[in-house]
Engineer: 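Before I ask anything, let me first share the structure, which is written out below as structure tokens.
Since this is a predicted model, take the numbers as computed values, not measurements. Every chain is numbered from 1 and lettered A, B, ... according to where its sequence line falls, protein lines coming before strand lines. Atoms considered below: every heavy atom in the structure, side chains included; atoms not considered: hydrogens, waters and symmetry mates.
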Amino acid sequence: MLDIKLIRDNPDLVRQAFEKRGESAPLDQIINLDEQRRRLLHEMETLRAQRNEVSKELGKIADKPPQLIADMRKLGERVTYLEAEICRVESELEDLLLRLPNIPAADVPVGKDAQDNITVRSRGEPAQFSFTPLPHWELGEKLDIIDFQRGAKLSGSRFYVLKGHGARLQRALINFMLDLHIKEHGYTEIYPPFMVKRECMVGSSNLPKFADNLYHDEVDDFWFVPTAEVPLTNMHRDEILPPGTLPLYYVAYTACFRREKMAAGKDTRGIKRGHQFDKVELYKFTEPENSDQELDRLVKDAEDVCGHLGIPYRVVQLCTGDLGFAAIKSFDIEMWAPGCEEWLEVSSCSNCGDFQARRANIRYRPEPKAKPSFLNTLNGSGLALPRVFIALLENYQQADGTIKVPEVLKPYMGTEVIKRS
RNA sequence: GGAGGGGUCGCAUAGUGGUCUAGUGCGGGCGCCUGCUAAGCGCUUUCCCUGGGUAACUGGGGACGAGGGUUCGAAUCCCUCCCCCUCCGCCA
């Protein structure tokens with residue numbers, strides 16, 4: 001959420017920022033509601049002050065003047081009316097504010113869509129094959145480690161079952177990534193709930209705007225997490241962190257659930273895009289002045305997974321038009337998959353500034369005695385499992401159809417080669 | 001799911017309609033005293049909204065788990081919900 005004071009004082013600055021994103025926003029309506037709100041508030045508070053004073057006097061007198069009580073009753077009615085009006089105006093205002101995206105950082109390249117994103121670096125050479133590399137869905141079926149038919153039998157399209165070495169590989173990747181971030185990058189491991197309350201979704205900015213993408217339990221109003229970013233953001237909701245607490249680095253594994261109302265036919269083959277997938281998520285709470293450099297380090301931490309696995313990848317900076325709703329600046333990491341011949345997005349690392357902190361009311365105290373202020377939040381996949389799974393199968397496939405296990409995964413896999421058992 | 005108990009300032013507690021501007025103790029901060037330490041003494045201790053001021057600051061309103069209600073006036077009375085504890089039931 002943006003600071004209403006920023007909109008009030010610099011509407012043009014905000015308008016220009018949204019233009020860079022290719023979005024427009026009802027700023028005039030917002031400013032108008034904000035004025036209404038403050039006008040009503042002023043009247044109500046004046047009346048309340050008056051009532052407080054009179055009530056105090058009444059408390060001291062034994063014989064209450066009936067006329068005065070009648071006056072106060074009338075005043076009370078006006079206050080009740082104003083309260084209702086303020087409540088109405090505020091909820092209208094809040095609903096509009098919650099739907100405004102964040103303002104891109106000044107150094108984000110301006111662009112229209114993904115075409116205008118900028119590749120900032122590439123690492124690793126694409127493997128050379130003496131044969132035609134197969135896509136992972138063929139490898140998975142041949143090796144009997146991915147079962148698409150039974151996935152569909154159990155849960156419908158966009159679900160699959162991992163079996164034998166496939167299931168083991170999934171678990172190996174999760175453990176490897178968690179261990180790497182805990183031991184080498186200084187993150188604290190968190191195991192959060194996979195279902196959260198509505199206000200958590202508002203805090204992370206998945207609600208109200210993106211309700212369509214979420215699974216929701218109507219009976220108890222539980223929301224299934226589309227990413228561990230949601231529970232991690234809300235770890236410190238409504239808290240004031242004492243001086244010296246920041247920065248906080250969290251890493252969490254969760255399953256992720258997304259409705260994905262994609263056009264039929266797109267990304268339907270294989271395990272690239274499902275309704276349920278696994279992800280290891282990196283999350284940081286930082287002081288505002290450090291968040292930019294913390295983003296760079298976050299990207300490096302995520303890249304490190306690619307490096308250890310020995311899979312070629314590139315880092316892409318998103319342009320203003322492709323930036324996510326809450327982000328002020330983002331980098332994607334894409335792994336090369338030689339079978340399906342595609343750059344696969346395995347991570348998206350974002351600095352959200354104080355956007356989520358405002359929504360979730362997460363503050364910190366810079367110094368003892370200092371006033372609390374909003375901290376900055378950053379998130380990034382470290383990494384998303386299915387895509388890494390794909391890249392790994394496709395990059396490490398051998399002429400005989402087996403998969404070589406990368407060095408770092410051997411202790412987790414208990415085997416050097418994935419083959420049909 | 002059932003029965004009972006509870007949720008008040010960082011922590012612990014008091015407060016059953018106006019004297020609460022939420023008290024007291026502990027912890028924290030500042031000062032005094034002291035050869036030093038301890039003890040003692042004094043002062044101080046939240047957050048949000050809104051107005052005034054460059055600012056230190058200051059006027060007003062609000063917050064006692066959350067939301068409603070009764071009342072001139074609610075921590076206190078009424079209703080709904082949430083969370084925690086104890087016991088019972090059920091269960092991986």
Side-chain angles (χ1 to χ4, degrees), chain A residues 1-10 30-98 191-203 207 216-223 231 234-246 248 255 285 354-375:
Chain A
M1 192 154 67
L2 297 181
D3 187 356
I4 182 67
K5 291 184 191 111
L6 179 73
I7 300 172
R8 191 188 293 157
D9 298 337
N10 300 64
I30 287 170
I31 290 166
N32 185 19
L33 285 167
D34 175 51
E35 270 166 22
Q36 268 188 61
R37 171 177 173 270
R38 283 185 295 155
R39 187 165 41 76
L40 293 167
L41 209 54
H42 179 76
E43 185 185 349
M44 181 188 70
E45 286 178 357
T46 309
L47 293 179
R48 284 221 273 233
Q50 208 175 318
R51 181 174 69 183
N52 287 346
E53 203 167 323
V54 173
S55 289
K56 208 170 176 181
E57 291 305 312
L58 279 173
K60 293 177 189 164
I61 337 173
D63 297 324
K64 323 284 191 202
Q67 184 57 47
L68 200 51
I69 294 209
D71 287 350
M72 285 304 106
R73 184 175 294 136
K74 206 154 197 175
L75 186 146
E77 279 163 16
R78 178 70 183 164
V79 168
T80 305
Y81 165 77
L82 288 168
E83 280 169 352
E85 273 301 283
I86 289 165
C87 183
R88 188 182 61 75
V89 170
E90 276 184 346
S91 66
E92 204 177 323
L93 179 62
E94 189 187 56
D95 189 61
L96 291 175
L97 284 174
L98 286 174
Y191 179 87
F194 292 7
M195 297 188 289
V196 296
K197 297 196 244 184
R198 171 182 298 269
E199 50 262 49
C200 293
M201 287 294 178
V202 175
L207 285 178
H216 177 218
D217 162 50
E218 304 274 347
V219 179
D220 295 312
D221 198 28
F222 281 131
W223 297 75
N234 286 276
M235 283 280 290
H236 298 290
R237 178 158 50 87
D238 293 323
E239 288 183 23
I240 299 171
L241 303 178
T245 311
L246 298 179
L248 287 172
F285 297 88
D354 63 6
F355 191 78
Q356 291 177 321
R358 282 182 191 284
R359 294 171 81 108
N361 190 30
I362 316 165
R363 291 170 295 164
Y364 76 107
R365 211 179 290 280
E367 305 285 336
K369 298 262 177 192
K371 273 188 57 172
S373 55
F374 292 109
L375 47 73

Engineer: Rounded at 0.5 Å granularity, tell me how far CG in L33(A) sits from OG in S91(A).
Structural biologist: 9.5 Å
Engineer: Rounded to the Å, how far apart are D9(A) CG and U50(B) P?
Structural biologist: 11 Å
Engineer: What is the separation between atom CE on M72(A) and atom C1' on U70(B), rounded to the nearest whole Å?
Structural biologist: 19 Å
Engineer: K5(A) has a side chain; which of U50(B), C48(B), G62(B) sits nearest to it?
Structural biologist: U50(B)
Engineer: At 4.0 Å (heavy atoms only), tell me whether D71(A) reaches a base, stays on the sugar-phosphate, or touches nothing.
Structural biologist: nothing
Engineer: Could you check which nucleotide pairs with C47(B) in any of the strands shown, counting Watson-Crick or G-U wobble with both distances under 3.5 Å?
Structural biologist: G62(B)
Engineer: Would you mind pulling out the nucleotide paired to G40(B), Watson-Crick or G-U wobble, both distances under 3.5 Å?
Structural biologist: C32(B)
Engineer: Working to the nearest 0.5 Å, report the span between CE of M1(A) and CG of L98(A).
Structural biologist: 5.5 Å
Engineer: Tell which nucleotide pairs with C91(B), taking only Watson-Crick or G-U wobble pairs whose two distances are both under 3.5 angstrom.
Structural biologist: none
Engineer: For A12(B), which nucleotide is its Watson-Crick or G-U wobble mate, given both distances must be under 3.5 Å?
Structural biologist: U24(B)
Engineer: So how far is it from H236(A) NE2 to I362(A) CD1, rounded to the nearest 0.5 Å?
Structural biologist: 8.0 Å
Engineer: Indicate the ring-plane relationship of W223(A) and H216(A), choosing parallel, tilted or perpendicular according to the 30° and 60° boundaries.
Structural biologist: parallel
Engineer: Starting from C1' on C81(B), measure out to CG on D221(A) and report it in whole angstrom.
Structural biologist: 13 Å
Engineer: Work out how far the C1' atom of U71(B) is from that of G18(B), and round it to whole angstrom.
Structural biologist: 12 Å
Engineer: Rounded to the nearest Å, what distance is computed from the CG atom of residue D238(A) to the P atom of nucleotide A63(B)?
Structural biologist: 18 Å
Engineer: Separation of N361(A) atom CG from C48(B) atom P, in whole Å?
Structural biologist: 8 Å
Engineer: With the side chain of R365(A) defined as its heavy atoms from C-beta on, choose the nearest nucleotide among C49(B), G73(B), U46(B).
Structural biologist: U46(B)
Engineer: Can you figure out which of C47(B), C72(B), G61(B) approaches the side chain of R73(A) most closely?
Structural biologist: C72(B)
Engineer: Taking the same atom, C1', in C47(B) and in A22(B), what whole-Å distance lies between them?
Structural biologist: 15 Å
Engineer: Is any side-chain N of the basic residue among K5(A) and D9(A) closer than 4.0 Å to the acidic one's carboxylate O?
Structural biologist: no
Engineer: Does C49(B) have OP1 or OP2 sitting under 4.0 Å from an N or O in the side chain of R38(A)?
Structural biologist: no
Engineer: If you find the nucleotide of RNA chain B closest to Q50(A) and the one closest to E90(A), which residue's nucleotide is nearer the 5' end?
Structural biologist: E90(A)
Engineer: Work out how far the P atom of G1(B) is from that of C91(B), and round it to whole angstrom.
Structural biologist: 16 Å
Engineer: How long is the gap from CD1 on I30(A) to CZ on R37(A), to the nearest 0.5 Å?
Structural biologist: 13.5 Å
Engineer: Would you indicate, yes or no, if G73(B) has its OP1 or OP2 atom less than 4.0 angstrom from a side-chain nitrogen or oxygen of R48(A)?
Structural biologist: no
Engineer: Does C72(B) have OP1 or OP2 under 4.0 Å away from a side-chain N or O of N52(A)?
Structural biologist: no
Engineer: Looking at R237(A) and A360(A), would you say the former's side chain and the latter's main chain have a donor-acceptor pair under 3.5 Å?
Structural biologist: no
Engineer: Find the distance R51(A):CZ to G60(B):C1' and express it as a whole number of Å.
Structural biologist: 14 Å
Engineer: To the nearest angstrom, how far is E239(A) atom CD from U46(B) atom P?
Structural biologist: 19 Å
Engineer: In terms of side-chain heavy atoms of R37(A), which of G61(B), U50(B), C47(B) is nearest?
Structural biologist: U50(B)
Engineer: Heavy atoms only, 4.0 Å cut-off, all strands: where does P242(A) land among base, sugar-phosphate and nothing?
Structural biologist: nothing
Engineer: When the P atoms of G25(B) and G42(B) are compared, how many Å lie between them, rounded to an integer?
Structural biologist: 10 Å
Engineer: At under 4.0 Å between heavy atoms, what does R39(A) touch on the DNA or RNA strands: base, sugar-phosphate, or nothing?
Structural biologist: nothing
Engineer: Between C49(B), G61(B), G51(B), which nucleotide gets closest to the side-chain atoms of L41(A)?
Structural biologist: C49(B)
Engineer: Provide the distance between the two C1' atoms, one in A55(B) and one in U70(B), to the nearest whole Å.
Structural biologist: 46 Å
Engineer: Would you mind telling me which of G61(B), U50(B), G18(B) lies closest to the side-chain atoms of S55(A)?
Structural biologist: G18(B)
Engineer: Below 4.0 angstrom, N of the basic side chain to O of the carboxylate: do E85(A) and R39(A) qualify?
Structural biologist: no
Engineer: Can you measure I69(A) atom CD1 to U71(B) atom P for me and round it to whole angstrom units?
Structural biologist: 12 Å
Engineer: Tell me what I240(A) touches on the nucleic acid: a base, only sugar-phosphate, or nothing, going by heavy atoms under 4.0 Å.
Structural biologist: sugar-phosphate
Engineer: Considering every strand and a 4.0 Å limit on heavy-atom distances, what is the contact class for R198(A): base, sugar-phosphate, or nothing?
Structural biologist: nothing
Engineer: So which nucleotide does A55(B) pair with, by the Watson-Crick or G-U wobble rule with both distances under 3.5 Å?
Structural biologist: none
Engineer: If you only use heavy atoms from C-beta on, which nucleotide in C72(B), C47(B), C49(B) is closest to the side chain of E45(A)?
Structural biologist: C49(B)
Engineer: Taking a pair as Watson-Crick or G-U wobble with both distances under 3.5 Å, which nucleotide is matched to U86(B)?
Structural biologist: A3(B)
Engineer: Considering only the C1' atoms, how many Å lie between C78(B) and C88(B), rounded to the nearest integer?
Structural biologist: 30 Å
Engineer: RNA chain B: E53(A) or G76(A), which has the more 5' nearest nucleotide?
Structural biologist: E53(A)
